[in-house]
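What follows is a set of notes on a single structure, which appears directly below.
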Amino acid sequence: MDKLILEGGCPLQGEVTISGSKNAALPILLACMLNSEEVKLQGVPDLLDIQTTVRLLQLLGCQVEQNGSALTIRAEHELHHEAPYDLVRTMRASVLCLGPLLARIGRATVALPGGCAIGSRPVDLHLSALEKMGAAFVIEGGDIKGSCPRLRGAHISFDFPTVGGTENLLMAAVLAEGETILENAAKEPEIQDLANFLNACGARIEGQGTSILRIQGVPGLQACRYTVLPDRIEAGTYLIAAAITNGDLTLRNCPVWAMDAVIYKLREMGVDIAGDAGTDSLTIRPNGEIHGVDISTQPYPGFPTDMQAQFMALMSVAQGSGLITETIFENRFMHAQELMRLGAKIKITGNSALVRGGQNLSGATVMASDLRASASLVLAGLAARGTTTIRRIYHLDRGYEHMETKLSRLGARVWREQE
Ligand code: EPZ
């Protein structure tokens, strides 16, 4: 296993280009199984989870050619229906192959994804909604075994705006018979991107960006070319990397329109950010003093849970205190203990964390526990005096493309070593 070593205290300077969104690329790649014609994707990020998804597509019978961030996917032949446990356990998003497989071949066996560091992560909302479209499921030997001769359009209302559940049902509905209505659907930009991709392939989806999606089933999809949405969470992470080092940074290829809640909170903290929703660039200037704010994670367009850990690192060095409330996942404060090893002062009570700011962080050895927790530790290491070593850095590689390379180019002293 690799570890990351950081020497803190260098203000980041320069420009960084944001990569394609992991959470848009994953469902879009799996959605290619709905299409019997060729799909050409651009802007696919080079990440562990993307490599895992490509392997899954190939195991299920797709041909995938990769040339950097450009992928060509063909799912023209009969697909296999089994997603193996050894692969699913490394990436929960594999459960998103349920919708496409049921829609395309009427069968799917996907290992039931276990829990993960941030929560139990059930998929009950996915299954109950697919059952309304005519699918039948049996949980056997740790697998979800689904079958459905022909999915039928249905009127579905989610108890919770589940991102993955909305994506699975969107994909299932595209080839179903008749109209499907998804109410209380998730509105995340990555779902909008999935819907736009499917429409580019000839699907008939309306309402993306709202909580009501209407899908008219079509007999089949056509060949298409599509560029994946840039990653708003990677972008937000680099904004905080600049803020926490009092740097001067410009982000290129940034989905500014999808970052309102994050930009608003950074400005509320006193961070100087220039840029507007009509552009794809954001510039952050040295901000002098910043102060803590209160944050409550919410479904989009509210403050994203995937930025919570990163903000906790920034609030540890801001002046004053701030209260972070995590309303989406039941165990997403694993980074707090590790941040405290670097000198942060955080008090956890239930799903709230009181962050006492004004701390001078100092380097130590810390352990990554999940993707965004590892990003939080990198950010703290950039600010901490001395050397910070972050172990189990494979968590970071799942969702951040070449992070130490991008940071080094901005003046950070960071490098990777074998454990
Ligand atoms: C997606 O996870 C993202 N992953 C997560 O990003 C993100 O944190 C999350 O959405 C919320 O925005 C991908 O897109 C690959 P949910 P997902 O279904 O689909 C509960 C990252 O760091 N729930 O909206 O799993 C669930 O337990 C990752 O990039 C049910 O109870 O999110 C959780 O508490 C982490 N039953 C809440 O809803 C269900 O059937 C949100 O889950 C489904 C979900």
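Rounding to the nearest 0.5 Å places CD1 of I295 at 6.0 Å from NZ of K265. Taking OG of S374 as the reference point, atom CG of L4 lies at 9.5 Å (rounded to 0.5 Å). Put simply, CG on D280 and CG on L251 are 10.0 Å apart, with the number rounded to the nearest 0.5 Å. In this structure, CE on M171 lies 5.0 Å from CG on L96, to the nearest 0.5 angstrom. Taking CD of Q51 as the reference point, atom CG of D46 lies at 5.5 Å (rounded to 0.5 Å). In this structure, the separation between CE on M334 and CG on L377 is 11.0 Å, given to the nearest 0.5 Å.
No side-chain heavy atom of I393 sits less than 4.5 Å from a side-chain heavy atom of K3. Taking 4.5 Å as the limit, every side-chain heavy atom of M403 sits out of range of all side-chain heavy atoms of V414. Looking at heavy atoms from C-beta onward, V123 lies out of side-chain contact with L98 at the 4.5 angstrom threshold. Two residues are said to be in side-chain contact when any heavy atoms from C-beta on lie closer than 4.5 Å; W257 and P189 meet this criterion. For the pair N67 and E65, the minimum side-chain heavy-atom distance is 4.5 Å or more.
Nearest heavy-atom pair, I73 versus C32, reported as atom, atom and distance to 0.1 Å: CG2-CB, 3.7 Å. Nearest heavy-atom pair, F160 versus P299, reported as atom, atom and distance to 0.1 Å: CZ-CG, 4.3 Å. The shortest heavy-atom contact between A242 and L12 is N-CD1, 4.2 Å. When all heavy atoms of G292 and M269 are compared, the pair lying nearest together is CA-CE, 4.5 Å. Minimum interatomic distance between I18 and A235 (heavy atoms only, all atoms of both residues): CD1-CA, 3.6 Å. Among all heavy-atom pairs drawn from A25 and V228, the shortest one is N-CG1, 4.0 Å.
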Test side chain to side chain contact (heavy atoms under 4.5 Å, CB included) on L169 and M133 and set out the steps. CA-CA 9 Å; L169 271 292; M133 296 185 72; 3.6 Å; yes
Please lay out, stage by stage, how L170 and L194 fare under the test side chain to side chain contact (heavy atoms under 4.5 Å, CB included). CA-CA 9 Å; L170 197 51; L194 172 62; 3.9 Å; yes
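Among residues two or more places apart in sequence or in another chain, the side chain to side chain contact (heavy atoms under 4.5 Å, CB included) test is passed with A375 by T237, Q310, L396, Y400.
Within the 3.5 Å criterion, the main-chain N or O of R214 finds no donor-acceptor partner in the side chain of E206. Between the Q192 side chain and the K187 main chain, a donor and an acceptor come within less than 3.5 Å of each other. Of the possible donor and acceptor atoms, none in the side chain of S376 sits under 3.5 Å from a partner among the backbone N and O of H335. Side chain of N246 to main chain of P11: no donor-acceptor pair is present (N/O by atom type, distance under 3.5 Å, no hydrogens or angles). With hydrogens and angles ignored, the 3.5 Å screen pairs no side-chain donor or acceptor of N351 with any backbone N or O of T327. Looking at E7, its side chain never comes within 3.5 Å of a backbone N or O of G9 through a donor-acceptor pair. Judged by distance alone, the side chain of R107 and the main-chain N or O of H81 form no donor-acceptor pair under 3.5 Å.
Using a 4.0 Å cut-off between a side-chain N of Lys or Arg and a carboxylate O of Asp or Glu, R416 and E404 qualify as a salt bridge. Salt bridge absent: E419 and R392 never bring a charged side-chain N and a carboxylate O closer than 4.0 Å. Ionic pairing of D306 and K22 is not present here: no N-O contact between side-chain nitrogen and carboxylate oxygen is shorter than 4.0 angstrom. The residues E190 and R232 are annotated as salt-bridged, a charged nitrogen and a carboxylate oxygen being separated by less than 4.0 angstrom. Residues R152 and E177 are not paired through a salt bridge, judged by the lack of any N-O separation under 4.0 Å between the basic side chain and the carboxylate.
Counted by atom type alone, T72 and K40 present one or more donor-acceptor pairs between their side chains at under 3.5 Å. T250 and E15 form no side-chain donor-acceptor contact under 3.5 Å, judged by distance and modelled atom types alone. With hydrogens and angles left out, the side-chain atoms of R252 and S281 include a donor and acceptor closer than 3.5 Å. For the residue pair H126/E167, the side-chain donor-acceptor check at 3.5 Å is not satisfied. Side-chain atoms of K406 and S19 include a donor-acceptor pair closer than 3.5 Å.
Of the residues listed (I284, L382, L314, T245), the one engaging I240 in a side-chain contact (heavy atoms from CB on, under 4.5 Å) is L314, and it is the only one.
The ring-ring contact (aromatic ring centres under 6.0 Å, His included) pairs that include a residue from residues 188-212 are F197-Y226, where partners are two or more places apart or lie in different chains. Screening residues 39-80 for ring-ring contact (aromatic ring centres under 6.0 Å, His included), with sequence neighbours left out, gives no hits.
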